[in-house]
Amino acid sequence: MSDVCPDTAGEGMKSSWPELVGKRGEEAKEIIDIENTKVTAEIISENAIVLAVVVCDRVYVRVNDHGIVTQIPFVG
């Protein structure tokens, strides 16, 4: 994603968080918001249907019915 979103995922800015899979969604959101201040993390259902539109200041945190992150959050 860093090629698509250079301003929010550029040098020194994290663009994906594989280590957050398995953590609580709220905890993951807080970590993302701290580690990349140019993006806003949004918690959504793992089953949510979203448009395939790249938004360079957004990170979806997909969680299951128990609020656990099930997919790698990334910028876009």
Side-chain angles (χ1 to χ4, degrees):
M1 274 302 167
S2 61
D3 293 340
V4 176
C5 298
D7 291 340
T8 53
E11 187 173 335
M13 289 294 199
K14 254 184 122 164
S15 61
S16 67
W17 291 262
E19 71 277 11
L20 298 180
V21 174
K23 295 205 179 282
R24 289 182 8 263
E26 286 296 329
E27 179 184 3
K29 179 184 178 346
E30 289 176 15
I31 290 169
I32 293 166
D33 289 342
I34 289 168
E35 291 187 350
N36 188 334
T37 57
K38 294 185 176 186
V39 300
T40 300
E42 297 179 32
I43 298 172
I44 63 171
S45 167
E46 66 183 343
N47 299 318
I49 298 171
V50 295
L51 294 174
V53 175
V54 174
V55 178
C56 292
D57 63 352
R58 175 189 66 207
V59 175
Y60 283 140
V61 178
R62 291 184 173 269
V63 298
N64 63 17
D65 292 338
H66 303 287
I68 303 300
V69 178
T70 58
Q71 298 177 28
I72 297 172
F74 60 89
V75 172

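One is the number of the first residue; the rest follow in order along the sequence.
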* To do: Report yes if some heavy atom in the side chain of V59 is under 4.5 Å from a heavy atom in the side chain of F74; otherwise report no.
  => no

* S15 side chain reached by N36 side chain, heavy atoms, under 4.5 Å -> no

So which atom in [X] and which in [Y] form the shortest heavy-atom distance, rounded to 0.1 Å?
| X | Y | answer |
| --- | --- | --- |
| G25 | V63 | CA-CG1, 3.7 Å |
| A28 | V69 | CB-CG2, 3.7 Å |
| C56 | V75 | O-CG1, 3.5 Å |

Donor-acceptor list for residues 39-55 side chains, cut-off 3.5 Å, not counting sequence neighbours:
{"residue": "S45", "atom": "OG", "partner": "N47", "partner atom": "N", "Å": "3.0"}
{"residue": "E46", "atom": "OE1", "partner": "T70", "partner atom": "OG1", "Å": "3.0"}

* Among all residues two or more places apart in sequence or in another chain, which pass the salt bridge (charged side-chain N to carboxylate O under 4.0 Å, His left out) test with E30? -> none

* **salt bridge (charged side-chain N to carboxylate O under 4.0 Å, His left out) against K29, all qualifying residues, sequence neighbours excluded** => D33

Non-neighbouring partners of [X] that pass side chain to side chain donor-acceptor pair (under 3.5 Å), sequence neighbours left out:
| X | answer |
| --- | --- |
| N64 | none |
| R24 | none |
| E19 | K14 |

* To do: In sequence, state the C-alpha distance, the side-chain angles, and the governing distance for I72 and W17, and then conclude on side-chain contact (heavy atoms from CB on, under 4.5 Å).
  => CA-CA 6 Å; I72 297 172; W17 291 262; 5.6 Å; no

* To do: Answer with yes or no whether the hydrophobic clustering places I68 together with L20; edges join I, L, V, M, F, W, Y residues whose side-chain heavy atoms lie under 4.5 Å apart.
  => no

